[in-house]
Amino acid sequence: MRNRWRAWVPALLLAALLALTWWLDRKVQSPGPHDDPLGTEPDFVAENFEAMRMNEDGSQRYSVVARKMTHFPGDNSALLEEPQLTHFDPDKAPVSIRANTSKVSNNGENVDFSGDVLVRRAAFGEDPEMALRTSFLHVVPDKDLVQTDREVTLIHGNSRVTAVGLEFNNKTRELKLLSTVKGELETPR
């Protein structure tokens, strides 16, 4: 009986050595694509990122420019650093939104701008320049919708309005200020 046990000792030592080698190899290897099943690690990063969406007639609909774009495969989202979204409309002046960061989700269906958000529209025809400042802005680019529940400052020509919360539909040009509205409005000529 003892002789049988002694015959198995080298095989057991070899199996233990193989297990230890495999374990050490796994510890020193960098993680592979299958080591992050939830997709929480970025799959690619792009510096000086630029993208454009076109209308069916081939004209520009909107463009996105950012210093850096990091894509996450798990939820198909992207984090943009120093982004600027510019919306083009042949009948109106371009509207641009810039911020410190933004998160793009659902393949560009929703964009959340954060930190020092500035929306600008140049003067167009009789309409003076418009600017809006806030700390957070939710944008649905394909529907031309903009929303926030934070404090906003809206400057339109020489008029200035502050409020908490805003909803804006760029297609209908309807603007709703949700609460605590204060302002100084310039009388039209």
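Numbers for residues simply follow the sequence, beginning at 1. Computed over heavy atoms, backbone and side chain alike; hydrogens, waters and symmetry mates excluded. All of these numbers come straight from a predicted model, not from anything done at the bench.
- Using a 4.5 Å cut-off on side-chain heavy atoms (C-beta onward), K176 and Q147 make no contact.
- The shortest heavy-atom contact between P83 and A99 is CD-O, 3.2 Å.
- At least one side-chain heavy atom of D116 sits under 4.5 Å from a side-chain heavy atom of R133.
- Taken from CG in L118 to CZ in R98, the straight-line distance is 4.5 Å, to the nearest 0.5 Å.
- At a threshold of 4.5 Å between side-chain heavy atoms, the hydrophobic network of Ile, Leu, Val, Met, Phe, Trp and Tyr places L137 and L175 in one connected group.
- Taking CZ of R61 as the reference point, atom CD of E56 lies at 10.0 Å (rounded to 0.5 Å).
- Side-chain contact between T148 and V117: absent, with no pair of heavy atoms (C-beta onward) separated by less than 4.5 Å.
- Hydrophobic cluster membership of M52, counting Ile, Leu, Val, Met, Phe, Trp and Tyr whose side-chain heavy atoms lie under 4.5 Å apart directly or via other members: M54.
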Go through the steps to decide whether H156 and D127 satisfy the test side chain to side chain donor-acceptor pair (under 3.5 Å), and finish with yes or no. CA-CA 9 Å; H156 186 255; D127 207 5; 2.9 Å; yes

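- By the 4.5 Å heavy-atom criterion applied to side chains, E129 and R121 are not counted as neighbours.
- Going from atom OG of S102 over to atom CD of Q84 covers 11.0 Å, rounded to the nearest 0.5 Å.
- Between H71 and N76 there is a side-chain heavy-atom pair separated by less than 4.5 Å.
- The 12-atom threshold is exceeded at CZ of R150, counting heavy atoms of other residues, nucleotides or ligands nearer than 6.0 Å.
- Pairs passing the salt bridge (charged side-chain N to carboxylate O under 4.0 Å, His left out) check and including a residue from residues 152-164, sequence neighbours excluded, do not occur.
- Once rounded to the nearest 0.5 Å, the distance linking CZ of R67 with CG of N100 reads 11.0 Å.
- In this structure, CG in L178 is found 5.0 Å from CD in E167, a value given to the nearest 0.5 Å.
- Closest heavy-atom contact between V140 and E109: CG1-O, 3.4 Å.
- Residues V111 and I97 form no side-chain contact, since every pair of their non-hydrogen atoms from C-beta on lies 4.5 Å or further apart.
- Note on V64: it clusters hydrophobically with F44, by side-chain heavy-atom contacts below 4.5 Å among ILVMFWY residues.
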Evaluation steps, side-chain contact (heavy atoms from CB on, under 4.5 Å), between L132 and V146: CA-CA 11 Å; L132 180 140; V146 175; over 6 Å; no

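- Note that the CD atom of E82 and the OG1 atom of T101 stand 10.0 Å from one another [nearest 0.5 Å].
- Proximity of L166 to T134: side-chain heavy atoms (C-beta onward) are nowhere separated by under 4.5 Å.
- Connection of L154 to L185 is established within a shared hydrophobic cluster, with ILVMFWY side chains joined at heavy-atom distances below 4.5 Å, either directly or through further cluster members.
- V181 is linked by a side-chain contact (heavy atoms from CB on, under 4.5 Å) to V161, A163, L177, counting only residues two or more places apart in sequence or in another chain.
- V152 and I155 are members of different hydrophobic clusters when ILVMFWY side chains are connected at heavy-atom separations under 4.5 Å.
- When side chains are defined from C-beta on, L85 counts as touching F113, because their heavy atoms get closer than 4.5 Å.
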